[in-house]
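By convention in this document, chain letters (A, B, ...) are assigned in the order of the sequence lines, proteins followed by strands, and residues within each chain are numbered from 1.
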Protein chains: 2
Amino acid sequence: MLTEPITLPVRGDAGVEAEMHFLLTDLVQIAGRVTRLAHRSSQGSEGPATWRTLAVLQQFGPMRLGELAQHSQVAQPTMTKIVAGLVEREWVKRIADASDARAWQIGISAKGILKLTEWRSNLAGALQPLFADLSDDERETVRRAIDLIQPRIDQAYIDPDTFPAKGE
Amino acid sequence: MLTEPITLPVRGDAGVEAEMHFLLTDLVQIAGRVTRLAHRSSQGSEGPATWRTLAVLQQFGPMRLGELAQHSQVAQPTMTKIVAGLVEREWVKRIADASDARAWQIGISAKGILKLTEWRSNLAGALQPLFADLSDDERETVRRAIDLIQPRIDQAYIDPDTFPAKGE
DNA sequence: CAGTATACATAGCCTTGCTATATATCTCAA
DNA sequence: TTGAGATATATAGCAAGGCTATGTATACTG
């Protein structure tokens, strides 16, 4: 481990740079807690990876296993395993790629869409009491923040170059 | 699996209820993607559980292993494993509980604080380019949203009753 | 002081993640 | 047209992080 001296922003610092620093660290922390809570509050043995994968397929449509791995930010062999589980549950279907016998198109099935939708609804129902007291303005603030964050995170998923995985 | 008919809100519906539904599902989805990205962009073998645990200890101070498990939303044996790893790395210390020979107080060490801080800084640095183009107003919106979400999620971690884990 | 409750540890299992490597297919140039 | 290298997915084998069930030691209480 390199032990180069680093300057760490201190909460309370003025300056856009420090604000951004704590904004991002707080964002990651709260995201981790939300994710953990979501997983914990949903019964069933499916992990976050399963739902992330289904969500990608619903949002972007069928794609190859390798592409799917990139869009889900997992290594290809990991995606092979996840897809194997999804195929077994019949939540996705493999479609032979006519132009390349090595490849498959992976597409979400009607059953998969249903399960994903159910899972989301259960989650929303579980979280709803915690957020029921938000005012219209506050709800609007959260909505705007999500709409700001979403495309920027998506960017990192889609362009592997702008966001190197593991190692610098 | 019960297959009771459920009414699913449809995006585009008017009404606070539907807005809240999609706000929460979008929140969970983006939180999952941020968490995954954060894990992937940080080298090193520590998983999210390690960092979540350290963050809890830094935020709330030393506590018993059982309390720590609740605050981290994991089962007690899981926390035993995580703490074992942290003790081995010397990122936390076990302090004998004078009033109860069965129990320990778990406290974050100076080394632990350093590692947590370093990890957060690396993350912030990795994510920064994606968010560098936010205007002051936009940054302020995200900050306000985080400050709205944080206490509500914390609530669920602290009150196990208001938020039942696994099963309904 | 016996019996129950409580705090943590252990055992054993599953999923998700990785790297390294194998296998099958495709592509292209000699 | 065939052999070399590139590419798409699968397999093997490992570790971490989850869980439930259960064990063990200590605390409390009638």
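Rounded to whole Å, the distance from CZ on A:Arg36 to C1' on C:dT15 is 13 Å. Taking atom CG of residue B:Asp97 and atom P of nucleotide D:dT26, one finds them 14 Å apart after rounding to whole Å. The distance between atom CG of B:Asp100 and atom P of C:dA9, rounded to the nearest whole Å, is 13 Å. The distance between atom CD of A:Gln73 and atom P of C:dG17, rounded to the nearest whole Å, is 11 Å. Rounded to whole Å, the distance from CD on A:Gln70 to P on D:dA8 is 10 Å. Across the protein-nucleic acid pair, A:Glu46 atom CD and D:dG18 atom P stand 17 Å apart, rounded to whole Å. Taking atom CE of residue B:Met79 and atom P of nucleotide C:dT10, one finds them 16 Å apart after rounding to whole Å. Rounded to an integer number of Å, the gap from CG of B:Leu37 to C1' of C:dG17 is 16 Å.
Of the candidates C:dA9, D:dT9, C:dG17, C:dA9 carries the atom nearest the B:Trp104 side chain, counting heavy atoms from C-beta on. Out of C:dC26, D:dT9, C:dT16, the shortest distance to the side chain of A:Lys81 is found at C:dT16. Side-chain proximity of A:Thr78 to the nucleotides D:dG17, C:dG17, D:dA27 is greatest for C:dG17. In the set C:dC18, C:dT16, D:dT26, the nucleotide with an atom closest to the side chain of A:Ala49 is C:dT16.
Looking at heavy-atom distances under 4.0 Å, B:Pro77 makes contact with a base.
Remark: the B:Gln76 side chain and the C:dA9 base include a donor-acceptor N/O pair separated by less than 3.5 Å. For B:Arg102 and C:dT6, a side-chain-to-base donor-acceptor distance below 3.5 Å is present, hydrogens and geometry of angles not being considered.
The local environment of CD in B:Gln59 is crowded, with over 12 non-hydrogen atoms from other residues, nucleotides or ligands closer than 6.0 Å.
Remark: side-chain polar atoms of B:Thr53 are paired, donor with acceptor, to backbone N or O of B:Ala49 under 3.5 angstrom. The main-chain N or O of A:Trp91 is never found under 3.5 Å from a side-chain atom of A:Lys115 such that the two would form a donor-acceptor pair. At distances below 3.5 Å, at least one donor-acceptor pair connects side-chain atoms of A:Thr35 with backbone N or O atoms of B:Ala31.
Heavy-atom minimum distance, A:Trp119 versus B:Val28: CH2-CG1, 4.1 Å. Heavy atoms only, all atoms of each residue included: A:His71 and A:Tyr157 are closest at O-CD2, 2.9 Å.
Ion pairing between a basic and an acidic side chain is recognised when a charged N comes within 4.0 Å of a carboxylate O; A:Arg144 and A:Asp147 show no such pairing. A salt bridge does not link B:Asp97 with B:Arg102: none of the charged nitrogens is closer than 4.0 Å to a carboxylate oxygen. A salt bridge is absent between A:Glu19 and B:Arg143; no separation between the charged side-chain nitrogens and carboxylate oxygens falls under 4.0 Å.
DNA chain D is contacted by both B:Arg89 and B:Ala75; B:Arg89 maps to the nucleotide lying nearer its 5′ end (nearest heavy atom per residue).
Bending across the helix from C:dC1-D:dG30 to C:dA30-D:dT1, expressed as the angle between its end axes from five pairs apiece, amounts to 10° (10° rounding).
Side chains of A:Asp100 and A:Arg64 form a contact here, defined as non-hydrogen atoms less than 4.5 Å apart.
The side chain of A:Thr50 places no N or O atom within less than 4.0 Å of a non-bridging phosphate oxygen (OP1 or OP2) of C:dT15. For D:dT9, the OP1/OP2 oxygens have no side-chain nitrogen or oxygen of A:Thr80 closer than 4.0 Å. Between A:Arg40 and D:dC19 there is a side-chain N or O to OP1 or OP2 distance below 4.0 Å.
Near-neighbour residues of DNA chain D inside residues 52-68 of chain B, defined by a heavy atom below 4.0 Å, number-ordered: B:Arg52.
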